Amino acid sequence: MLEKNYTPKDFEEKIYADWENSGDFKPDMRSNKDAFAIVIPPPNVTGILHMGHALDDTLQDILIRYNRMLGKKVLWQPGTDHAGIATQMVVERNLAKEGKTKHDLGREKFIETVWKWKEQSGGTITKQLRRLGASCDWSRERFTMDEGLSRAVRKIFVSLYKDGLIFKAKKLVNWDPKLGTAVSDLEVVQKDTLGKMYYYRYPIEGSDSEYVTIATTRPETMFGDTAVAISKDNEKLKHLIGKNCIIPIINKVIPIIADEHADPEKGTGAVKITPAHDFNDFEVGKRHNLPLVNILNPDATLNENTPYEGMTTQEARAKTIEELTKLGLMDKIEDHPMVIPYGDRSGVVIEPLMTDQWFVDAPTLAKEAMRVVENGEMEFVPKSYEKTYFEWMRNIQPWCISRQLWWGHQMPIWYGPDETIFCEENEEEALAAAEKHYGKKVELRRETDVLDTWFSSGLWAFSTLGWPDKTEYLDTFYPTSVLVTAFDIIFFWVARMMMMSMYKMKQVPFKKCYIHGLIRDEKGQKMSKSKGNTVDPMATIEKYGADALRFFMAAMETQGRDINLSEARIAGYRNFATKLWNAARFGEMNECRLDTSYNPQEAKLAVNKWIIAKAQEASKEVTENLNSFRFSDAANAVYQFVWGSFCDWYIEMIKPILYGENEADKAETRATFAWVLDRILIILHPFMPFITTELWNNTAERSVKLIHAAWPENEPIDEQAMKEIDWAIDLISEIRSLRSEMNIPASAKLTVYLKGAEEKSKQHLSQLDKIICTLARLESIAAYEGEITPDMVQGVFKESTLLLPLKGVVDFKAEKERLKKELDNLNKYLEGYERKLSNPSFVERAPAAVVEEERRRQSEAKENKAKVEAALERIANF
RNA sequence: GGGUGUGUAGCUCAGGUGGUUAGAGCGCUACGUUGACAUCGUAGAGGUCACAAGUUCGAGUCUUGUCAUACCCA
C-alpha cells in the first residue's frame with residue numbers, strides 16, 4: 001500500500017543505496033548496442049555542491065539514465081579535481097588560524113597536511129551528488145592526483161616537451177603577489193576601476209628649461225623606466241625624439257624613442273616605457289632593445305633597484321608623488337577610469353613580472369583543436385558557442401603552466417649541475433639520461449614548480465579511462481559521447497581538453513559539447529557568497545525532494561540561457577510529483593494491477609485507446625527532444641501528459657467504468673491504467689528517478705528494475721484513436737464553459753440537446769453518453785431535431801448547436817451579453833479571413849493548402865455567425 | 001573599444017525550417033469539500049510579441065537601424 005502522502009525523504013536515500021549496492025550504475029559490457037559515455041566535470045575535491053552543479057549533473061544524469069534505458073553500454077565516469085590553488089589556499093587559511101604558515105611545516109609536511117584535509121573533507125561533494133540521484137559508476141571514481149592520473153600527466157608532459165611543445169622561458173607573466181605564483185591569463189579578471197592619471201615632467205638632458213610631460217596611472221614604476229616613447233607623427237613633440245631625458249629622484253638618463261604605442265591623442269602623447277612591468281611596454285622594449293629593470297620583489301614590494309625598497313606599491317606611489325611635487329615637476333592629477341587586473345582566487349592586484357616559467361605552445365596545439373570543430377567531429381550545442389571557441393582559439397597565447405605552489409603535480413623536470421634540463425617520466429630515467437649526457441653519474445635537482453590544475457583536467461577524458469594503458473574501457477568509451485558544462489568553462493577546460501586530446505589521442509575527447517547557462521537567484525542576480533544570495537541545493541532537496549529540484553532544472557533548461565532559481569516553481573514540481581503519487585494511489589484503490597498478458601494494441605474502449613495513443617505520443621516527444629538536447633521540451637511533454645491527459649481527463653473518464661457493472665470493460669480499463677502508469681514511470685524516470693522507482697517497486701512484482709526498463713522506441717501511434725475522445729473533451733469543455741458563463745450552479749444536473757449533429761457525432765454521443773454526463777454534470781444528453789425555444793441557452797459546437805433548456809430560469813440579459821460577445825469575436829475573425837482571401841496575390845501565391853484552410857475557416861465562421869444571430873433574434877424581446 | 005546574447009501576460013519564462021484565435025507555471029478573479037489529490041478541481045480575466053523601417057501574399061519568427069539590458073574579450 002502506498003502512503004497517503006508523498007514524502008520523498010522516506011525513500012530517496014534508500015533507493016539510491018540499493019542502486020549503488022546492486023551495481024546498477026556499472027555499464028552493461030555485454031550489450032550489443034552502442035556505447036554512451038560522459039565524463040563528469042570533476043568538482044573540486046574539497047568543494048561542496050552548489051546550484052550550478054545541481055543543474056550540470058542533473059542534465060548529465062538525465063542523458064545517462066535515458067541512454068541506459070535504451071540498452072546501451074553506459075558509463076558516467078565520476079571523479080574529483082585536486083584544484084591546486086583553491087585547495088592550497090584553504091589549507092593555508094586553516095594553518096593561519098593556528099598562527100602558522102606553510103613554511104613552518106616545510107614542503108613535505110605541508111603536502112601531507114593537504115592530503116589529510118582531502119581525506120577529511122573530500123567525500124562531501126560526492127555524497128551530495130548521490131543525494132541528487134547522480135548515477136555515476138562510483139567504483140571507477142578517479143582523482144586528478146591518483147597514481148594513474150599522475151602517470152598520465154607525466155607521460156603527456158614528457159611527450160610535449162620532447163616534441164618541443166613545452167618550453168621554459170623568461171617572460172613577463174601575470175604574477176599573483178599574494179599566492180607567490182604565476183597564473184595564466186584566464187585566471188586574471190579585469191575590473192573597471194576609477195583610478196588617477198598623473199601628469200608630471202621629466203627634464204630633458206642638457207637643458208634647463210625643457211621637459212617632456214608624461215601621463216601615467218602608475219608613477220611608482222618610473223624607477224623601472226628605460227625610455228620615453230613619442231609617436232613620430234606627433235607634430236608637437238617629435239622634435240624631442242632622439243634626445244635623452246632624466247628620471248627625477250634617481251636622476252637616471254633614458255632615451256626618448258619613436259614608437260607608435262604612444263598615441264598622440266592620449267594623455268600627453270609621451271609615454272614612459274617600463275618593459276619589465278607592463279605587457280605593452282615589454283613589446284616596445286623588444287622593438288627597441290631596451291634594457292629591463294625589475295623593481296619589484298615577489299610579494300610586490302619595491303626592491304633594491306628603487307629608492308623605496310620594502311615599500312608597497314601604494315606607499316611608493318604616495319612617496320613618489322610627494323617627491324615629484326617637492327621638485328616642482330608634478331603638473332596635475334585627474335580622475336581616470338581604468339581596468340586593473342586581479343587574481344581570480346586571491347583577489348589581489350596582479351603584477352606583470354619577469355620570471356622563469358614553463359609554457360605550453362598552445363597556438364600550435366590549437367590548430368588541430370580548431371580543425372575538428374570546423375569539420376564537425378566535435379559539435380557544440382547550441383552551435384553558437386563555436387564562435388566563442390574559435391575566437392579564443394585564434395588569439396590564443398602560450399599557456400603558462402608552471403605554478404610556484406606546493407600542492408599539485410610536480411613537473412617531471414630535473415636539472416643537471418650545469419642546469420641542463422632532463423625531462424623524463426621519473427627520477428630513475430632522468431638519472432639515466434643524465435649519466436648518458438655527462439658520461440658519468442651526477443646529482444640532479446628536481447624542478448620545484450607544480451603544474452596548473454587545468455593541465456591534469458585537460459587529460460580527464462582519457463586519463464580516467466585508463467590511459468596510458470590500453471584498457472577495455474578506453475577502447476569502448478573513448479571518444480566519449482557528450483560533455484556537459486557551463487559556458488564559463490569553455491576556455492579553462494573544454495579548449496584544453498580538445499588540445500590535449502587531439503595531440504595525444506588523435507581523436508576528439510567528446511563528440512558533442514552541450515553548453516548551459518548559469519543559475520542565478522530569483523531576481524536574476526549572479527549567486528555569490530559575498531552577496532549572500534546563494535541557495536544550498538541540499539536544503540532544497542531536504543524541503544522538496546531531489547526529484548522536484550531535478551525536474552525544475554530540466555524544465556527550465558532551454559538552450560543558451562541562464563536560469564533564475566524559483567522556489568515557487570520547485571514547489572510546483574513537488575506538487576507534480578504529489579499529483580503522480582495520488583494518481584498511482586487511485587490506481588491501487590481501484591485494483592488497477594499490471595496484467596502481463598495485456599496488449600495495449602488490443603484495447604477496445606475508446607478512452608483506453610485514446611490514453612494509449614496519447615502515452616505513445618508523449619513518449620515520442622520525450623525521445624525526440626532528449627535526442628536533440630531540448631531538455632525543457634522533453635520535461636514539459638511528460639508533465640503535460642501526466643497532469644493534462646492522464647490525471648485531468650483519463651482518470652475522470654474511467655471513473656464511471658470502474659464504478660460500473662461491466663466486468664469486461666472494467667478489466668480492460670484496469671489493465672490499461674496499469675500499463676499507462678508504467679509507461680509514465682519509464683519516460684519520467686530520467687527526470688525523476690526516485691518517485692518513479694518507488695512507484696515501480698510498489699505497484700507490482702517486477703522482473704526488471706525501472707533503471708534498466710526498456711525505453712519505448714519506434715511505436716506506431718494510432719492517430720484515429722485520439723479523435724473520438726478529443727471530440728468528447730471539446731464537447732464537455734464547451735458545456736462547462738456555457739454553464740459557468742450562465743451562472744448555472746455546479747450542483748444543477750442539466751439536460752442538454754445537440755441539434756443538427758452529423759451521424760458520426762450522434763454515434764460518439766451514444767457511445768460516450770455516460771462519460772459526457774459525468775464530466776459535464778448532466779442529467780442526460782441527446783440528439784434533438786425539434787424547434788429551438790427561447791428558454792434554451794445555446795452554444796455553437798462544431799457542425800451542431802448545443803442547447804441547454806433552462807425552463808424559465810434563463811438570465812436573458814446574461815445570455816444576450818454572452819451571444820453579443822461571441823458575435824463580436826466571430827466578426828473579428830471573419831474580417832481577417834475576408835482580408836486575406838480578397839487579396840489576389842494571397843490566393844495566387846500562398847500554398848493551396850493554406851488557402852483552402854482559410855476558406856474552410858471562413859465558411860465555418862459564417863455558419864456560426866448565422867447561428868448566433870438567429871439565437872439573438874429569438875430572445876430579442878425577452 | 002571589439003564580440004555575443006536578451007527584450008513576448010502582473011512575475012518567471014516557452015515559442016527548431018515564416019502560415020489556425022501567440023502558450024506554460026506562478027499570481028489574480030469567480031465558483032467548488034464530486035468516492036486519487038485543497039501540494040486539488042472547474043471556468044475566466046490578462047499580451048500594440050521593446051521601438052522604427054524593410055523583405056514577403058503573410059513576420060513574435062527573416063534583414064537593417066534605434067533604445068534598453070546582460071555577459072565575454074581587450
Side-chain angles (χ1 to χ4, degrees), chain A residues 2 4-7 185-186 189-190 279-280 339 341 382-385 387-388 391-392 395 487-488 490-491 517-518 520 522-526 544 548 552 555-590 592 624-625 628-630 632-633 635-636 639-640 643-644 647-648 651-652 655 658-659 732-733 735-747 774-777 825-826 828-829 832-833 835-837 839-847 849-851 853-854 856-857 860-861:
Chain A
L2 292 169
K4 183 164 190 318
N5 292 312
Y6 162 65
T7 22
D185 298 344
L186 283 177
V189 285
Q190 308 287 345
F279 288 99
N280 288 318
V339 281
K383 205 163 178 67
S384 54
Y385 283 105
K387 256 192 189 168
T388 315
E391 194 54 34
W392 191 69
N395 299 310
F487 67 81
D488 55 340
I490 295 179
F491 306 141
L518 265 35
R520 298 167 171 279
E522 308 245 354
K523 295 181 213 101
Q525 300 285 312
K526 212 165 167 172
Y544 298 104
F552 168 80
M556 295 305 289
E557 176 57 22
T558 51
Q559 292 183 358
R561 234 178 127 128
D562 288 350
I563 295 173
N564 294 355
L565 200 69
S566 157
E567 184 165 349
R569 217 160 174 130
I570 296 170
Y573 292 124
R574 187 271 323 270
N575 295 353
F576 172 63
T578 305
K579 187 82 181 171
L580 175 65
W581 184 266
N582 284 310
R585 285 181 58 234
F586 172 84
E588 191 178 51
M589 286 170 193
N590 290 284
C592 298
E624 285 173 353
N625 286 314
S628 47
F629 301 99
R630 302 175 73 88
S632 72
D633 288 340
N636 286 327
Y639 184 97
Q640 289 304 330
W643 205 315
C647 294
D648 285 349
I651 289 183
E652 294 309 318
K655 280 177 182 172
L658 294 176
Y659 305 149
I732 293 161
S733 302
I735 297 171
R736 281 174 176 172
S737 185
L738 276 177
R739 289 182 66 125
S740 174
E741 278 178 80
M742 296 311 292
N743 299 313
I744 299 163
S747 54
T774 309
L775 270 65
R777 306 189 64 74
N825 256 331
L826 285 165
K828 209 171 74 194
Y829 303 141
Y833 303 140
R835 205 180 324 117
K836 272 188 174 179
L837 288 164
N839 179 350
S841 51
F842 170 73
V843 181
E844 220 172 279
R845 309 182 74 153
V850 173
V851 179
E853 178 62 16
E854 211 67 15
R856 196 193 58 74
R857 279 180 214 140
E860 190 180 272

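Here is the naming used below: chain letters follow the sequence lines, and residue numbers restart at 1 for every chain. Being a predicted model, the structure only gives us computed values, none of them experimental.
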Review point. Considering only the P atoms, how many Å lie between B:G23 and B:G19, rounded to the nearest integer?
Key: 13 Å

Exercise for review: Would you classify A:Ala583 as touching base, sugar-phosphate or nothing, given that sugar-phosphate means primed atoms plus P, OP1 and OP2, and contacts are heavy atoms under 4.0 Å?
Suggested key: base

Practice item. Please assess A:Phe586 against A:Lys655 for the test side chain to side chain contact (heavy atoms under 4.5 Å, CB included), listing each intermediate value before the final yes or no. Key: CA-CA 10 Å; A:Phe586 172 84; A:Lys655 280 177 182 172; 3.7 Å; yes

Under 3.5 Å, which protein N or O atoms sit close to an N or O of nucleotides 5-14 of chain B? Give each pair with its distance.
residue: B:U6; atom: O3'; partner: A:Arg561; partner atom: NH1; Å: 3.3
residue: B:U12; atom: O3'; partner: A:Asn564; partner atom: ND2; Å: 3.1
residue: B:U12; atom: O2; partner: A:Arg569; partner atom: NH1; Å: 3.0
residue: B:C13; atom: OP1; partner: A:Asn564; partner atom: ND2; Å: 2.9
residue: B:A14; atom: OP1; partner: A:Thr558; partner atom: OG1; Å: 2.8
residue: B:A14; atom: OP1; partner: A:Arg561; partner atom: NE; Å: 2.9
residue: B:A14; atom: OP2; partner: A:Arg561; partner atom: NE; Å: 3.4
residue: B:A14; atom: OP2; partner: A:Arg561; partner atom: NH1; Å: 2.8

**Study point:** Closest heavy-atom pair and its distance - A:Asp562, A:Arg520
**Key:** OD2-NE, 2.7 Å

Practice item. Taking atom P in both B:G60 and B:C49, compute the distance separating them and give it to the nearest angstrom. Key: 7 Å

Review point. When you compare B:C26 with B:U21, how far apart are their P atoms, in angstrom units rounded to a whole number?
Key: 28 Å

Check your understanding: Can a salt bridge be assigned to the pair A:Arg857 and A:Glu854 using a cut-off of 4.0 Å between side-chain N and carboxylate O?
Key -> yes

Check your understanding: Using the P atom in both, what is the distance from B:G5 to B:G15, to the nearest Å?
Key -> 15 Å

Check your understanding: For atom C1', what is the distance between B:C13 and B:A22, given to the nearest Å?
Key -> 14 Å

Review point. Does A:Ser632 reach the side chain of A:Glu557, with side-chain heavy atoms less than 4.5 Å apart?
Key: no

Review point. Using a cut-off of less than 4.0 Å, is there contact between a side-chain N or O of A:Asn575 and OP1 or OP2 of B:C40?
Key: yes

Review point. Given atom CE of A:Met742 and atom P of B:A43, what is their separation to the nearest angstrom?
Key: 17 Å

Check your understanding: Given the rule in the side chain to side chain contact (heavy atoms under 4.5 Å, CB included) test, do A:Leu580 and A:Tyr6 qualify, once you have shown the distances and angles that lead to the verdict?
Key -> CA-CA 9 Å; A:Leu580 175 65; A:Tyr6 162 65; over 6 Å; no

Exercise for review: Would you classify A:Asp648 as touching base, sugar-phosphate or nothing, given that sugar-phosphate means primed atoms plus P, OP1 and OP2, and contacts are heavy atoms under 4.0 Å?
Suggested key: sugar-phosphate

Check your understanding: Rounded to the Å, how far apart are A:Tyr833 OH and B:U21 P?
Key -> 5 Å

Exercise for review: With a 3.5 angstrom cut-off on both distances, give the Watson-Crick or G-U wobble partner of B:C40, or none if there isn't one.
Suggested key: B:G32

Practice item. Quick one: look up who B:G23 pairs with, Watson-Crick or G-U, both distances under 3.5 Å, and put none if it's unpaired. Key: B:C13

Review point. Closer than 4.0 Å, any side-chain N/O of A:Arg585 to the OP1 or OP2 of B:A36?
Key: no

Exercise for review: Mind checking A:Pro745 for me? I need base, sugar-phosphate or nothing, with any heavy atom below 4.0 Å counting as a touch.
Suggested key: nothing

Check your understanding: Rounding to a whole Å, what distance do you find between A:Leu580:CG and B:U39:P?
Key -> 18 Å

Check your understanding: Do side-chain atoms of A:Gln559 reach the backbone of A:Phe629 as a donor and acceptor pair under 3.5 angstrom?
Key -> yes

Check your understanding: Any idea which of B:A70, B:C40, B:A24 is nearest the A:Trp643 side chain?
Key -> B:C40

**Study point:** Complement of B:G65, any strand, by Watson-Crick or G-U distances under 3.5 angstrom
**Key:** B:C51

Review point. Is there a Watson-Crick or G-U wobble partner for B:G60 with both distances under 3.5 Å, and which nucleotide is it?
Key: none

Exercise for review: Using a heavy-atom cut-off of under 4.0 Å over every strand shown, decide if A:Arg736 touches base, sugar-phosphate, or nothing.
Suggested key: sugar-phosphate

**Study point:** Candidates B:G15, B:C72, B:U39 - which lies nearest the side chain of A:Thr578
**Key:** B:U39

Practice item. Would you classify A:Ser740 as touching base, sugar-phosphate or nothing, given that sugar-phosphate means primed atoms plus P, OP1 and OP2, and contacts are heavy atoms under 4.0 Å? Key: sugar-phosphate

Revision key, fill the gap. A:Tyr659 has its side chain closest, among B:C37, B:C40, B:A36, to B:A36

Point to revise | N-O pairing of A:Arg585 and A:Glu588 below 4.0 Å | key: no

Practice item. Sticking with atom P, work out how far B:A14 lies from B:G25, rounded to a whole angstrom. Key: 16 Å

Review point. Donor-acceptor pair, A:Asn395 side chain versus A:Glu391 backbone, under 3.5 Å?
Key: yes

Point to revise | A:Lys579 side-chain proximity, nearest of B:U21, B:G41, B:G44 | key: B:G41

Study note, to complete from the structure: Rounded to whole Å, the CD-C1' distance (A:Glu391 to B:G3) equals 7 Å

**Study point:** Watson-Crick or G-U wobble partner of B:G18, both distances under 3.5 Å
**Key:** none

Check your understanding: Say you pick atom P in B:U39 and the same atom in B:G27; how far apart are they, in whole Å?
Key -> 12 Å

Point to revise | Watson-Crick or G-U wobble partner of B:A45, both distances under 3.5 Å | key: none

Check your understanding: Are the side chain of A:Arg777 and the backbone N or O of A:Ala746 linked by a donor-acceptor pair below 3.5 Å?
Key -> yes

Practice item. Tell me what A:Phe552 touches on the nucleic acid: a base, only sugar-phosphate, or nothing, going by heavy atoms under 4.0 Å. Key: nothing

Review point. Using purine N1 to pyrimidine N3 plus N6-O4 or O6-N4 for Watson-Crick, or N1-O2 and O6-N3 for G-U wobble, each under 3.5 Å, what pairs with B:C71?
Key: B:G3

Point to revise | Closest-nucleotide 5' rank along RNA chain B - winner of A:Arg574 and A:Glu624 | key: A:Glu624

Review point. Are any non-hydrogen side-chain atoms of A:Leu518 and A:Phe487 less than 4.5 angstrom apart?
Key: yes

Exercise for review: Would you kindly compare A:Leu186 and A:Asn839 by the position of their nearest RNA chain B nucleotide and give the one closer to the 5′ end?
Suggested key: A:Asn839

Review point. If you measure from the C1' atom in B:U66 to the same atom in B:U56, how many Å do you get, rounded?
Key: 23 Å

Review point. Would you say A:Lys655 reaches B:A36's phosphate, i.e. side-chain N/O to OP1/OP2 under 4.0 Å?
Key: yes

Check your understanding: Within the modelled atom types, does a donor on one side and an acceptor on the other bring the side chain of A:Glu652 and the base of B:A36 under 3.5 Å apart?
Key -> yes

